[in-house]
There are 2 protein chains.
Amino acid sequence: MPKNTQISKAVIKRLPRYRRYLKELMADGVDKISSKEFSQLTGYTASQIRQDLNNFGGFGQQGYGYNVEALFEEISSILGLDREYKMVLVGGGNLGQALANYTHYSNMGFIVECIFEVNPRLIGMRINGIKVRDYEELVDYLKENSVDIGIICTTKNTAQEVSDKLCEGGVRGIWNFTALDVSVPKGVALENVHLSDSLHSLAYYMMENSQ
Amino acid sequence: MPKNTQISKAVIKRLPRYRRYLKELMADGVDKISSKEFSQLTGYTASQIRQDLNNFGGFGQQGYGYNVEALFEEISSILGLDREYKMVLVGGGNLGQALANYTHYSNMGFIVECIFEVNPRLIGMRINGIKVRDYEELVDYLKENSVDIGIICTTKNTAQEVSDKLCEGGVRGIWNFTALDVSVPKGVALENVHLSDSLHSLAYYMMENSQ
DNA sequence: TAGATTGTTAATCGATTAACAATC
DNA sequence: TAGATTGTTAATCGATTAACAATC
């Protein structure tokens, strides 16, 4: 139960990371952890961890710490990972195909229903079980099916058009892998993965290190 | 010519974005831009843009603005994009193959020399011209060849081992796509792309929107 | 010269860290 | 009860924004 103040982006970015470590702890059979121990594990300060978690509620117990499994469930719920998301991916090239698979099989609850493509050689095929449809069918498909998230993996120059069609078609989230910062209407969530930007930052830090 | 104060991560994250927009402006034949106009384009405040750029030098001209092409070159140089980087990718699965291609062909100067894999069916093949080698050869390869950046695209449980081999082999940067936060020795730059974390943040914002 | 816009300092805002009272 | 550790307030730090003098 979130308090009604807006949570900062910085906090939200840390939650999936906390969750990953909690999952590992569960796998290792650890059932309680203090903010201090969790700090050593994650690299965030104990103070920040407590501060972050208390945005959402008091999940710990004084003198004891946090129950690993309970905290994992709480964070999962906060992130909305206790539901299912239907997704479509647009742009079934090399990277698109790989991402469709990755997303579908590595993340519980995120279901990639199909891939939309313009290349006639791919249309009609199945890629690891995920059907490839004609991009022309996208708008109709969205009319007939409820889709939560659209993944954009096209070229830069069609990205905005694709995003518009997805948003008009009723998706509530866009996961964008193109180099374009697409704009989405209010009420649609947007997450960009700019791979080249990431690589370019890496280049910077390499140079900085060697000075 | 960077001043000798450490530049904050927030600034470095914005530079590739500035550069992308400058590239677009160049393609559109625009040759000067003011911080105010650039603000409208990028969504960052004019003040922040000027502040950021002045960490590295005075690239503008009072009363005029910034020369688009010159600024693009400056930022490229700051990011270290005026050199070549030799890369190897470890883990040539679905996503690894796609990333090797993407990196090799979408980014000038980032050359993926080869892919290392354990799957015997892939070893010896070429994927879009990039040779797949036996993972067993990685250590020797790094002894004989100078490699700048290692891309890790294996499963989570071998990620740290791979990272260690790459770092001992002399790479100066790690681009990590696994869900593990690998640790690298001081002097090696690390950039993580946690795809699942990104997706999980998206899920959060979708929920937040619909409340 | 007048107008525009930078470079840079100062003010504000927000996020992180420290401290400690509450409490298990 | 004593010890440990949270939840939360206060202090600090850093990043963003505003303001304006410098200057093209």
Side-chain angles (χ1 to χ4, degrees), chain A residues 1-18 21-22 25 30-72 74-75 78 201 204 208, chain B residues 1-18 21-22 25 30-72 74-75 78 201 204 208:
Chain A
M1 348 91 217
K3 298 173 186 176
N4 56 5
T5 48
Q6 174 90 359
I7 309 294
S8 88
K9 281 193 180 179
V11 175
I12 301 309
K13 260 191 69 180
R14 285 191 289 269
L15 293 182
R17 197 154 191 253
Y18 291 152
Y21 281 97
L22 290 165
L25 288 168
V30 179
D31 46 41
K32 80 128 209 168
I33 194 157
S34 69
S35 59
K36 197 180 165 193
E37 293 164 321
F38 205 46
S39 165
Q40 280 151 2
L41 191 64
T42 60
Y44 298 118
T45 64
S47 212
Q48 180 159 69
I49 291 165
R50 294 203 301 277
Q51 193 78 279
D52 282 354
L53 297 176
N54 273 83
N55 281 302
F56 303 98
F59 303 137
Q61 191 174 317
Q62 278 105 327
Y64 174 81
Y66 297 86
N67 178 291
V68 170
E69 196 174 336
L71 189 55
F72 175 83
E74 287 287 359
I75 294 181
I78 290 164
S201 305
Y204 176 84
E208 199 185 47
Chain B
M1 346 83 229
K3 296 172 186 175
N4 57 4
T5 49
Q6 174 91 358
I7 310 294
S8 89
K9 280 192 181 182
V11 175
I12 301 309
K13 261 191 69 177
R14 285 190 289 270
L15 292 183
R17 197 153 190 253
Y18 292 152
Y21 280 97
L22 289 166
L25 288 167
V30 178
D31 47 41
K32 80 128 209 169
I33 194 157
S34 69
S35 59
K36 197 181 166 193
E37 293 164 320
F38 205 47
S39 167
Q40 281 151 4
L41 191 65
T42 60
Y44 298 119
T45 63
S47 210
Q48 181 159 71
I49 291 165
R50 293 204 301 277
Q51 193 76 277
D52 283 353
L53 296 177
N54 273 84
N55 282 301
F56 304 97
F59 302 137
Q61 191 174 318
Q62 278 106 327
Y64 174 83
Y66 297 86
N67 178 290
V68 171
E69 196 175 335
L71 188 56
F72 175 83
E74 288 286 0
I75 293 181
I78 290 163
S201 305
Y204 176 83
E208 198 185 48

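At D:dT17, one or more side-chain N or O atoms of B:Thr45 fall inside 4.0 Å of OP1 or OP2 (strictly under the cut-off). Close to D:dG7, at under 4.0 Å from its OP1 or OP2, lies a side-chain N or O of A:Tyr66. For B:Ser35, a side-chain nitrogen or oxygen approaches OP1 or OP2 of C:dT6 to under 4.0 Å. A sub-4.0 Å separation between OP1 or OP2 of D:dG7 and a side-chain N or O of A:Arg50 is absent.
Projected onto DNA chain C by closest heavy-atom contact, B:Gln51 and A:Gln51 fall at different nucleotides, the more 5' of which corresponds to B:Gln51. Comparing B:Glu37 and A:Lys9 by the nucleotide of DNA chain C whose heavy atom lies nearest to each, the residue mapping closer to the 5' end is B:Glu37.
Closest to the side chain of B:Arg14, from the set D:dT16, D:dT5, C:dT17, is D:dT16. Residue A:Ser34 has its side chain nearest to D:dT5 when only D:dT16, C:dC20, D:dT5 are considered. Distance from the side chain of B:Asn54 is smallest for C:dG7 among the nucleotides D:dT17, C:dG7, D:dG7.
The side-chain heavy atoms of B:Tyr18 and B:Leu71, taken from C-beta on, include no pair separated by under 4.5 Å. Counting heavy atoms from C-beta outward, B:Phe59 and B:Ile78 have side chains that approach closer than 4.5 Å. Using a 4.5 Å heavy-atom threshold, the side chains of A:Gln61 and A:Lys32 count as separate. The shortest side-chain heavy-atom distance between B:Tyr204 and A:Ile7 falls under the 4.5 Å cut-off. Taking the side chain as every heavy atom from C-beta outward, B:Arg50 and B:Tyr66 approach each other to under 4.5 Å.
In the region residues 58-65 of chain B, proximity to DNA chain D at under 4.0 angstrom, judged on heavy atoms, holds for B:Gln61, B:Gln62, B:Gly63.
Counting to the nearest Å, the P atom of D:dA15 and the CD1 atom of B:Ile12 are 11 Å from each other. Following rounding to the nearest Å, A:Leu53 (CG) and D:dT5 (P) show an atom-to-atom distance of 16 Å. Computed from coordinates, the A:Asn55 CG to C:dT16 P distance equals 10 Å when rounded to whole Å. Taking atom CD of residue B:Gln6 and atom C1' of nucleotide D:dA15, one finds them 15 Å apart after rounding to whole Å. Atom pair A:Phe38:CZ and D:dA4:P shows a separation of 22 Å (rounding to whole Å applied). Put simply, NZ on A:Lys13 is 14 Å from C1' on C:dA15, counting in whole angstrom units. A straight line from CD of A:Gln48 to C1' of D:dG14 spans 13 Å, rounded to a whole angstrom. The distance between atom NZ of A:Lys32 and atom C1' of C:dC24, rounded to the nearest whole Å, is 12 Å.
Between the base of C:dA18 and the side chain of A:Ser47 there is a donor-acceptor pair shorter than 3.5 Å.
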Applying side chain to side chain donor-acceptor pair (under 3.5 Å), run through B:Tyr44 and B:Asp52 and close with a yes or a no. CA-CA 11 Å; B:Tyr44 298 119; B:Asp52 283 353; over 6 Å; no

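In this structure D:dC13 sits in a base pair with C:dG14, meeting the Watson-Crick or G-U test at under 3.5 Å. When both distances must be under 3.5 Å, the Watson-Crick or G-U wobble mate of C:dA21 is D:dT6.
Within 6.0 Å of atom CD in B:Glu69, 12 or fewer heavy atoms from other residues, nucleotides or ligands are found, so the atom counts as exposed in its surroundings.
Of the possible polar contacts, none joining the B:Gln48 side chain to the B:Thr45 backbone as a donor-acceptor pair under 3.5 Å is found.
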